[in-house]
Student: 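Got a structure for you, written out below as structure tokens; questions coming shortly.
Computed from a prediction, not measured in an experiment: that's the story for all the values here. All heavy atoms count here, side chains included; hydrogens, waters and symmetry mates do not. Chain naming here is simple, since letters A, B, ... match the order of the sequence lines and numbering starts at 1 in each.
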There are 6 protein chains.
Amino acid sequence: MKYGARNQLIGTVTDVKKGAVMSQVKFTVESSAEMSSVLTVESVDDLNLKPGDKVRAIVKAIHVLLVKE
Amino acid sequence: MKYGARNQLIGTVTDVKKGAVMSQVKFTVESSAEMSSVLTVESVDDLNLKPGDKVRAIVKAIHVLLVKE
Amino acid sequence: MKYGARNQLIGTVTDVKKGAVMSQVKFTVESSAEMSSVLTVESVDDLNLKPGDKVRAIVKAIHVLLVKE
Amino acid sequence: MKYGARNQLIGTVTDVKKGAVMSQVKFTVESSAEMSSVLTVESVDDLNLKPGDKVRAIVKAIHVLLVKE
Amino acid sequence: MKYGARNQLIGTVTDVKKGAVMSQVKFTVESSAEMSSVLTVESVDDLNLKPGDKVRAIVKAIHVLLVKE
Amino acid sequence: MKYGARNQLIGTVTDVKKGAVMSQVKFTVESSAEMSSVLTVESVDDLNLKPGDKVRAIVKAIHVLLVKE
């Protein structure tokens, strides 16, 4: 299984918040940073996501904004 | 300075590859994972990005795809 | 502070509509055009956005669709 | 003709820069601000974009990042 | 009317689910596959989308993730 | 293996065009429609994409723009 995206992080789901259309899934990655993904309620149901689940978070490089402070 | 995005990672630029229109910037984050951003050549020039620079990588939660394996 | 994105507009928040997971923020830019951003409720809370606030709206060039009519 | 996107700006193309795969199109909007779109070389050819052309720039609200400075 | 995007599919709306901020529109394309779009409630209202409506679904090539299994 | 995205199409690669930073991959889906994905040259190399390969194309619902004509 190979994904055509540069950024892939393995995380553990910590929270799932459900709205009418969209859900927000929080997960921690190795460095202990907390991250979030927003996806449809249906997708969360399909994946049956719940705290403790392992997920792979995939982000295309084009979606990463860089800021120099 | 506050950003309206859930995912923010501090990284160090390791490589800049330049095309005609788009450039790819590689950077490592704390956990030593390597990540990539693709932005216009002009943006890379504006930020004057080069290896060793500190950058903040920002990703809206909506752009994160979750996969359960 | 420099942003790796081609499109940056300064606007004034006119309205914040809150859902369970996502919020919609309306703002006007200099030309008086009304624009919208959708972000997580948490991000809106982090930024403490309310009508009258000044915001910078950032859009990567890759997210702009062009239509010729 | 109606577009399911909150942000629509009418602009005039000022420049087209062509790469191997992607092209960058610059255009000015009413307020005289300069904006950019990156699309495939093929799409630019389909639209036959050249300086002076009128374009409608469409951005889904979800792709707008807000920053409070 | 020409769109600067590589992927365009003609579909028929089958369902509209409304949240507070975002709505999800389901539609079938020629091959009978079911697809979904998430857009603001306001955009769905602007388009007055309801089951049976014909829509054009547009996806920029940059938003398509490829996976090889 | 489950993907947190509403839109998944199985296709066959027909062409790979390589730039300096980005590559464009064309593929046909069941209904014979031609589609395109743009990803980094590195990702195309990782997947070793070539004409005839089967790919799964994944698009988050939030990235689908609807137009009513």
Side-chain angles (χ1 to χ4, degrees), chain E, chain F:
Chain E
M1 179 74 49
K2 292 202 164 178
Y3 306 93
R6 290 293 80 199
N7 305 304
Q8 304 186 18
L9 300 162
I10 303 298
T12 305
V13 175
T14 55
D15 188 55
V16 178
K17 183 166 69 170
K18 188 171 174 174
V21 169
M22 303 303 279
S23 287
Q24 181 177 359
V25 177
K26 294 188 184 174
F27 56 99
T28 50
V29 290
E30 295 154 40
S31 59
S32 82
E34 179 181 75
M35 296 186 65
S36 283
S37 168
V38 170
L39 53 176
T40 57
V41 170
E42 289 184 352
S43 286
V44 172
D45 287 348
D46 274 5
L47 272 60
N48 187 26
L49 289 176
K50 53 193 178 310
D53 284 351
K54 296 290 173 199
V55 285
R56 182 183 295 266
I58 296 178
V59 182
K60 291 193 67 166
I62 205 76
H63 289 146
V64 178
L65 173 73
L66 294 185
V67 179
K68 195 170 176 181
E69 292 169 340
Chain F
M1 180 73 50
K2 293 206 165 175
Y3 306 92
R6 290 291 81 198
N7 304 304
Q8 305 188 16
L9 300 162
I10 303 298
T12 305
V13 174
T14 55
D15 189 55
V16 178
K17 181 165 71 169
K18 188 171 174 175
V21 170
M22 303 303 279
S23 287
Q24 182 177 0
V25 177
K26 293 186 185 175
F27 56 99
T28 50
V29 289
E30 295 153 39
S31 59
S32 83
E34 181 182 73
M35 296 186 66
S36 282
S37 167
V38 170
L39 53 176
T40 58
V41 170
E42 289 184 353
S43 286
V44 172
D45 288 348
D46 274 5
L47 270 60
N48 187 28
L49 288 177
K50 53 192 178 311
D53 283 353
K54 297 291 172 199
V55 286
R56 183 184 294 266
I58 295 178
V59 182
K60 290 193 67 165
I62 204 76
H63 288 146
V64 178
L65 173 72
L66 294 185
V67 179
K68 195 171 174 180
E69 294 171 340

Student: Do F:M22 and E:I62 have side-chain heavy atoms sitting under 4.5 Å apart?
Tutor: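 Heavy-atom side-chain distance check passes, below 4.5 Å.
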Student: Tell me, for F:V25 versus chain E, whether the close heavy atoms (under 4.5 Å) come from the side chain, the backbone, both or neither.
Tutor: side chain
Student: For F:M35 and F:L9, which heavy atoms make the closest approach, and how far apart are they?
Tutor: SD-CD1, 3.6 Å
Student: For the residue pair F:P51 and F:D15, establish whether any side-chain heavy-atom pair is separated by less than 4.5 Å.
Tutor: no
Student: Where on E:Q24 is there a heavy atom nearer than 4.5 Å to chain F: the side chain, the backbone, both, or neither?
Tutor: side chain
Student: Considering all heavy atoms of both residues, which atom of F:V16 and which atom of F:L49 are nearest to each other, and what is their separation?
Tutor: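 Smallest heavy-atom distance, with atoms named: CG2-O, 3.7 Å.
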Student: Is there a side-chain contact between E:K54 and E:T12, using heavy atoms and a 4.5 Å cut-off?
Tutor: yes
Student: Hey, which of E:L39, E:V55, E:D53, E:L66 has the most heavy atom pairs under 4.5 Å with chain F?
Tutor: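 Of the options given, most contacts go to E:L66.
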Student: For the interface with chain E, which of F:V44, F:V59, F:L65 has the highest count of heavy-atom pairs at distances below 4.5 Å?
Tutor: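 So the answer, after comparing F:V44, F:V59, F:L65, is F:L65.
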Student: Between F:N48 and chain E, which part of the residue has a heavy atom less than 4.5 Å away: side chain, backbone, both or neither?
Tutor: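 Contact with chain E is through both the backbone and side chain of F:N48.
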